[in-house]
Student: 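My questions all concern the structure below.
Throughout, protein chains are lettered first and strands after them, A, B, ... in sequence-line order, and every chain is numbered starting at 1. Here the structure is a predicted model, which means the values were calculated and not measured.
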Number of protein chains: 2
Amino acid sequence: MKYTSLWLHQSAEGGGALVSTDASVPTASAVIENAVRELETAVPLKGEQVRLSLSGEQSLGVEGYALTKTAEGYTISACSEQGLIYGAFSLIRQKRLGLTEELSVTEVPKNPLRMLNHWDNMDGSIERGYAGESFFFEKDTIVINERTKDYARLLCSLGFNGIVINNVNVKGEACRLIDEKQLPRVAELSALFASYGIRLYLSLNYAAPVEDASVGSADPLNEKVAAWWEKKFNEVYRAVPTLGGFLVKADSEGRPGPFSYGRDQAEGANMLARAVKKHEGLIIWRCFVYNCQQDWRDLKTDRARSAYDYFHDLDGRFDDNVILQIKNGPMDFQVREPVSPLFGQMPKTNQMIEFQIAQEYTGQQRHVCYLIPWFKEVLEFDTCVLGEGKEATVRDVVSGRLFSRAAGGICAVTNTGNDMNWTGHDLAAANLYGFGRLAFDPALSAEEIATEWIRLTYGDDEKVIENVKKILMMSWPAYEKYTAPLGIGWMVVPNTHYGPDPDGYEYSRWGTYHKATCREIGVERNAGGTGYAGLYAGPLASRFEKPETTPDELILFFHRLPYDYVLHSGKTVIQHIYDSHFEGVSDVDEMAALWEALEGAVEPGAFRRVKERLDYQREHAREWRDVINSYFYRKTLIADDRGRELY
Amino acid sequence: MKYTSLWLHQSAEGGGALVSTDASVPTASAVIENAVRELETAVPLKGEQVRLSLSGEQSLGVEGYALTKTAEGYTISACSEQGLIYGAFSLIRQKRLGLTEELSVTEVPKNPLRMLNHWDNMDGSIERGYAGESFFFEKDTIVINERTKDYARLLCSLGFNGIVINNVNVKGEACRLIDEKQLPRVAELSALFASYGIRLYLSLNYAAPVEDASVGSADPLNEKVAAWWEKKFNEVYRAVPTLGGFLVKADSEGRPGPFSYGRDQAEGANMLARAVKKHEGLIIWRCFVYNCQQDWRDLKTDRARSAYDYFHDLDGRFDDNVILQIKNGPMDFQVREPVSPLFGQMPKTNQMIEFQIAQEYTGQQRHVCYLIPWFKEVLEFDTCVLGEGKEATVRDVVSGRLFSRAAGGICAVTNTGNDMNWTGHDLAAANLYGFGRLAFDPALSAEEIATEWIRLTYGDDEKVIENVKKILMMSWPAYEKYTAPLGIGWMVVPNTHYGPDPDGYEYSRWGTYHKATCREIGVERNAGGTGYAGLYAGPLASRFEKPETTPDELILFFHRLPYDYVLHSGKTVIQHIYDSHFEGVSDVDEMAALWEALEGAVEPGAFRRVKERLDYQREHAREWRDVINSYFYRKTLIADDRGRELY
């Protein structure tokens, strides 16, 4: 086995459904060919009749589909080829999940864009990759092989419609992806993904025209710069007509951007958007802009404010084919952060939420950490921008529903690589699966998604379903418990972001401080502090303003508090830290035991792989517990009220 | 200019002395040829008559020399060619220093071995190198060129008689240095150094025979292993007859060694020593053996004890051609450590002290830190092994004088690389010069040495001499002041060992902890603690046992103390920390001002180079100050009694 098939169905040439198509269906289309092949080779549909029809109801929109069961068999109807292939994968899934008896499914994806961002470099390395090397790039060339196709199938089976193939930090050969040399292969890859309804995007080096001696600038208001991009995009789209557009990380962590020329983010984004508009391309513009050269002695600057401060006032200034890509929280994918205050507060701007399923700060795929419950919380979070009682969830903001915006969506930094199992940790595949399903239908619960994934991956053994589901559902809370407490974040080893280092970022330039003394900890972010709490819509701003109304899990994010402050839980901050760290470790022990009970019920190789990682996780969770607890114990000399050993 | 000539005299073909030789002097010898060429091209000796004689007095020994002035000119006499070439360099130096009027100098080097250790890898990198890449190796091959020869001249001018060319961590192609492929070039390099009286040594991979399938072991008591080495050394010495011997890092930081086979360090060293004995080779065996997988929760294990615990009881067990190479302190080249308790406590064993002029923990040649005052302190330290009042200094231990041992000496990890100025920081060359001079004559003072180096490097401008001497003499105390306090050490960023990170090593496996709480700091190393203080000879053991008799600068090395403990200085620990850190920074400001006052008096390129580094050092010293002070302030909330700003 070169690599696992993850949740995909068993397939065999000619071993699947008998497929017929309405006259409306163009059988020569690559997407249809792929849909038909998928059905015809899907062993779970063996002997079933399946009919494809493009006369779906208008309400299905461009990407929806309907599945129905008749006496003769199943019908998949849609208004587009893309809808049909989603329907094909869906039907196979429904069949495998045993849900096809009274089948009548109508599904329309809730988010216009459902994307994955690859942080793959062209030398084959992956920034923050924890599952091997890139399967897109090797030695500065693009790789296209059977695995690439299977990856497209995997993504299509979940309903993804976009993929950024290269790292947002565009460097080295990746700068050439938009040049003659690489474009033919980009086109090939783009066509492959397009044949599964997925548009390919490229990360762009904003400073590219600087290197052209006849331009020598990236000033968005410089006409030569705009002309350079227009010409460049003409060249790119001539070679790659199916390209979705570009993702841009500008003015961030050393990347160049419009700020270098005294321009704002809208001027930068719009310049590119106008140059790509006639090709119907999108500019996805990241809001991860902050001062990464902060002096740690500076008590006033608050990195949490940055995205809001740089972007909020630009609402209405961005062109229609610009989408702002906003990280779920104001910092950087910590295990717990508040929701970014930008969501919902730029009603005249397209917004896309960026999650990270690459487990950069959540155990790097050596720890199991099922992130979907966390993403659900974020998506269901009421931004309160319509006032109290009128629901205005993040989910409805990014889907475009709330402010009737045509563009928007949801994306994640992917957790995949060329490891045999794609995701390093076998159980991390639940995050890839889960994120895709959630992006398509945010109404699904984390548990439903987990159950689906487990059944599709490990089969229908009740005990396997029960235990793995427990493991998944326990895993994110457990990780939160044994790492940095109460929303404070960042107690990790600098650079690698792995393993405990309570003061790791205290004296550095990254703007991520807890400023713990022997008496108190946290940065005060209310009106008396950095004012961050006040950036939220009224009801939220009031809630976060005072520790009394701030939820425990975020209390040290918003407030500087003494260790003996009593939380809503009734515990002091320090006792909460001790307790949660011991609990987190015992949760991991329980997770390991739940897995071990599955010996024999799970394929031996898969059993061993997960067991090894869980054994390691038990050790490493103890290391986290002991370092964090000892750090606070040494700092305070407040004993654990249950007398457990601290060092 | 490809590289600077450092302290070497100006030379010109035929521009130097008129040299004549006694009949006793073999003019065809490479060493004599080099000595004569040196004199004949030394511009400072222009027109002088110099006579070389091998009929020196017996008291000069193998390496001493005498310089005298007669009516006709100068006479250099010695009992060996090596003595003559030392005398030649010495005469030129004396002349340049203006000390030749009434010349009558007799010098015999005090240490049998005076060595440099290169941590150069064959790929060209240097472990802990801060002056560029290796000039010995490039892309897995040995480089020999004009610079190699000039390096040999530089070392000979100081009286070095040994050099280890490759990293003690022998890896990659360096394992092949004792194989057919590399030996011819090793021989060439060895001959070059031999022509300057310097013997070449190689670092050895103790596990080499493991890779030979017919042996498959490195067990020192396995006859096949011994036979393998005997054969190997025969091969090596056939190719490189001038080779001095081998340096071995075994059972250390992941390196294999005799422990892997349940043997002790003597069994390991002697096996090699016997195999190399007939070639008159030496085995230099490092004592840097400790558990680098320590659990930080373990309060009993004390890395400081390791070398003593592993080696002390083996006294008398080592063969005569084994020398134990012992780091100056029990830890690892911190800016302040006690002297290793092994010195003097193994009277039946050859001992060599290992210093580090590579500034791994002392500013990495970006900060100026003249280390000779520190080395002087260590060498003059009375080990008290003969009891109170009977001086038994480290200097007399390693020279062999104290216990009448024929072998022993002094070595340092070098600070050189292929940077244009050899040492990264121009002023770091004072450490290379100073260490060489000190190894030859430990009676020289740090100030004398500094003055010599300054005059030879920058000329005789009084202000230059005065200011640079001040800078040098202030620099080590300043570095100590603004970094980790009171002997506690290790508050550095892990791995790189550069820049402040007060808890950097607190929760790691390296055995270097301070265990600071909000009340106290330090590891108690007296009888009630780890017992380390008791490893010293009686009077020292008593002195270090109690904080009342432990010198301030080492008090946190030996004792765990509350922050309000009052030092001999009359200050509390915490106030000492604050004060010394502010002082250290103002010392650096003063050093920078002293240098700036030399503009115009020092060659502009050299002036600028040093100024740039000092400017940087001022910044970085502030960073150190603020991080360390803030760390302790946050930990204690004890205010500075002078009200200065803490963060």
Student: What part of A:T636 gets within 4.5 angstrom of chain B, counting heavy atoms only: side chain, backbone, both, or neither?
Tutor: backbone
Student: Checking side-chain contact (heavy atoms from CB on, under 4.5 Å) for the pair A:Y633/B:T517: CA distance, chi angles, key distance, verdict?
Tutor: CA-CA 8 Å; A:Y633 175 65; B:T517 67; 5.9 Å; no
Student: Between B:E623 and A:R297 (salt bridge meaning N to carboxylate O under 4.0 Å), is one present in this structure?
Tutor: yes
Student: For B:Y507 and A:Y631, which heavy atoms make the closest approach, and how far apart are they?
Tutor: OH-CA, 3.3 Å
Student: If you count every heavy atom of other residues, nucleotides or ligands that lies below 6.0 Å from B:R519 atom CZ, does the total exceed 12?
Tutor: no
Student: So, for A:C518 and B:K635, which heavy atoms are closest and what is the spacing to 0.1 Å?
Tutor: CB-O, 3.1 Å
Student: Just checking B:R509: does its CZ atom have more than 12 heavy atoms from other residues, nucleotides or ligands closer to it than 6.0 angstrom?
Tutor: yes
Student: Of all of B:D503, B:L299, B:D626, which one pairs up most often with chain A through heavy atoms under 4.5 Å apart?
Tutor: B:D626
Student: What pair of heavy atoms forms the shortest contact from B:R634 to A:E506, and how long is it?
Tutor: NH1-OE1, 2.7 Å
Student: Please check if atom CD in A:E619 has more than 12 non-hydrogen atoms from other residues, nucleotides or ligands closer than 6.0 Å.
Tutor: no
